[in-house]
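One structure is given here, and the rest of the page talks about it.
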Amino acid sequence: MHHDRLQTCPIHRSTLGDANRDRSSAVFEEIAAWLMSKVSRKLRHDAKELMCLLDSTSITLKGRDFDSWTLNNRNRNTQGIKLHALFGTASQAPLWHDFSAPNVNDVTQAKQVPLQRDTLYVFDKGYCDYNWWAQIDAAGARFVTRLKSNASLVSEMDFAISSETEGIVLRDEVVSFKNKYPGGKRVNQYGKPLRRVTIIRPDKSTPLILITNDFESSALEIGQYYKERWEIELFFKWIKQHLKIKAFLGRTYNAVRIQVATALIAYLLVALYKQTLRLEHTLWHCLGLIRATLFEPPVIDLPVRTRPRRIRTLASGQLETLQ
C-alpha cells in the first residue's frame, strides 16, 4: 500500500545495499544525535536530575563479505561490531551512542560520553576506571557501579542499618582507595571517599557489592538504581527484534552503521511521538499505530487547540483495533 501512496515500485535488496555502501553514515548518525538532544532538552525541562544507564551490545556479523572487515577485530565472544548507548530512564530513549570493534574496551568509548551536572550514571563493572569516575564526580554528577574483586579499599566508617532494611542491606560503609599508585606508572586520581553498599541477592549465594559517590540516597535506593540498569538491556533487545537489525541490507561497515543509525532514528521518532501526544501506550503499540496509519490522510479539519486531544483519541481507538 505504501508503494501506491508514494508512487514508487519495490526496491531490490542489492540496490539498497549498494546505496548504503556508497553513502556516508555521518548524516544518519548526526540526525540520530540531533533527535537525542531534543529528548535530553525535554527531560532537562521536565526534571532537574536525570538517571542514565550506560552499556553496550554486540552485533554479530559473520560470513561472506563481513569477514573481510570483522575477522581481525573480533574477541573471544563476538565477531562484528559493538553499539554503545547512554539510555535515559525517564524518556526510555537513548541520549548518546557510538560504535566500536568488539575488542575495544567499553570504558574507552565511555570516556566520549558528554558528562552533565546533576545526572546519575549507572553502569556495570566493565566500566571500572577510577580516573574516569573522578571525572564524573568533578562534573557534579553521581554514579553507581560494581567493584572488581581485586579492588584495594580500606573501610573508614559504617553507617547504621535501619530495622526496615535488616536482612536486605548487609553493610553500608564509607571507604577509600588504599593505593594511589595501583601499578606501574598509573596514578589513581580519585582521592575522595566513596560509599560501598552490600546487598543480599535472594537468587544467588554471593551478595551484590555496589560502589557510589552518592551519600544522600538510602542503601535500598542505591540497590534499586543498579537494578534499573536492566532497562537498557531491554532497549537493546527491543531494537534488535522490532527494528530488524539482525539481518542487514548491506555487508559493508558503512552499510551496517547506516542501518543501525536508522533504527535508532525510528526508535527516537516513536519515543518523541509518544511524548508529544502524551500517550500511555507502550512503544510497541505506538509503533504499530504508526505503521497502520502512516499513509492515511492527516487530520486537518480540526481547530489547532483540539487537534492533540483528538489525535490522542484516534490513537487510542486505533490501538484497540490493532490489539
Side-chain angles (χ1 to χ4, degrees), residues 1-3 5-6 8 10-11 13 15-17 19-21 23-43 52-53 55-61 80-99 231-296 298 311-312 314-315 318-319 322-323:
M1 180 185 71
H2 60 280
H3 287 301
R5 294 280 187 179
L6 295 173
T8 61
I11 303 174
R13 183 190 184 98
T15 303
L16 285 174
N20 288 346
R21 178 195 62 203
R23 286 169 174 78
S24 172
S25 63
V27 176
F28 300 90
E29 294 181 35
E30 288 173 6
I31 293 173
W34 179 75
L35 290 171
M36 290 176 190
S37 68
K38 289 184 68 68
V39 172
S40 181
R41 283 197 298 270
K42 181 173 177 56
L43 287 177
C52 297
L53 314 175
D55 208 347
S56 68
T57 186
S58 298
I59 300 174
T60 301
L61 303 168
I81 63 170
K82 277 200 297 189
L83 170 65
H84 304 261
L86 186 70
F87 187 79
T89 57
S91 64
Q92 291 294 291
L95 306 177
W96 169 89
H97 81 286
D98 201 358
F99 296 96
E231 291 185 18
I232 193 171
E233 301 289 348
L234 297 177
F235 161 70
F236 287 140
K237 183 178 180 181
W238 199 96
I239 62 172
K240 286 181 178 180
Q241 289 184 346
H242 300 317
L243 298 180
K244 312 299 183 184
I245 59 171
K246 287 187 175 181
F248 289 89
L249 300 173
R251 293 176 174 267
T252 62
Y253 178 59
N254 195 69
V256 171
R257 289 183 66 138
I258 287 177
Q259 190 163 334
V260 175
T262 52
L264 292 175
I265 291 170
Y267 184 97
L268 288 160
L269 288 174
V270 175
L272 287 169
Y273 171 82
K274 182 175 182 294
Q275 284 183 7
T276 302
L277 297 184
R278 298 188 292 277
L279 298 176
E280 297 181 357
H281 303 284
T282 65
L283 277 178
W284 171 239
H285 286 163
C286 291
L287 181 62
L289 169 66
I290 293 172
R291 284 173 172 170
T293 62
L294 183 60
F295 294 99
E296 290 186 359
I311 293 173
R312 288 197 298 273
L314 290 174
Q318 289 283 356
L319 289 173
L322 290 173
Q323 293 175 0

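The chain is numbered in sequence order, starting from 1. For clarity, every value in this text was computed on a predicted model and none was experimentally measured.
- The CG atom of Asn20 lies 13.0 Å from the CZ atom of Arg257; values are rounded to the nearest 0.5 Å.
- In this structure, Leu268 CG and Lys38 NZ are separated by 11.5 Å, a value rounded to the nearest 0.5 Å.
- From Leu264, atom CG reaches atom CD1 of Ile31 across 12.0 Å, with rounding to the nearest 0.5 Å.
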Residues Val260, Phe28; criterion side-chain contact (heavy atoms from CB on, under 4.5 Å); working and verdict: CA-CA 9 Å; Val260 175; Phe28 300 90; over 6 Å; no

side-chain contact (heavy atoms from CB on, under 4.5 Å) between Lys240 and Thr57, worked out: CA-CA 10 Å; Lys240 286 181 178 180; Thr57 186; 2.7 Å; yes

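- A donor-acceptor contact shorter than 3.5 Å links the side chain of Asn254 to the backbone of Ser25.
- Distance NZ/Lys82 to CG/Asp98: 11.0 Å, rounded to 0.5 Å.
- Interatomic distance, CD1 of Ile232 versus OG1 of Thr89, reported as 10.5 Å (0.5 Å rounding).
- Residues Ala93 and Tyr267 come closest through the heavy atom pair CA-CE2, 3.8 Å.
- For Leu243 against Ala263, the heavy-atom pair with the smallest separation is CD1-O, 3.1 Å.
- Judged by distance alone, with hydrogens and angles left aside, the side-chain atoms of Gln241 form no donor-acceptor pair with the main-chain N or O of Trp238 at under 3.5 Å.
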Given the rule in the side-chain contact (heavy atoms from CB on, under 4.5 Å) test, do Ile239 and Leu83 qualify, once you have shown the distances and angles that lead to the verdict? CA-CA 12 Å; Ile239 62 172; Leu83 170 65; 4.1 Å; yes

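- When every heavy atom of Pro94 is checked against every heavy atom of Met36, the shortest pair comes out as O-CG, 3.2 Å.
- When side chains are defined from C-beta on, Phe99 does not count as touching Val256, because their heavy atoms never get closer than 4.5 Å.
- Atom-to-atom distance recorded for Ile81:CD1 and Ile59:CD1 is 4.5 Å, nearest 0.5 angstrom.
- You'll find the side chain of His84 reaches within 4.5 Å of the side chain of Trp96, heavy atoms only.
- A donor-acceptor pair is defined here as one N or O able to donate and one able to accept, closer than 3.5 Å; no such pair exists between the side chain of Asp55 and the backbone of Ala85.
- For the pair Gln259 (side chain) and Leu249 (backbone), a donor-acceptor distance under 3.5 Å is present.
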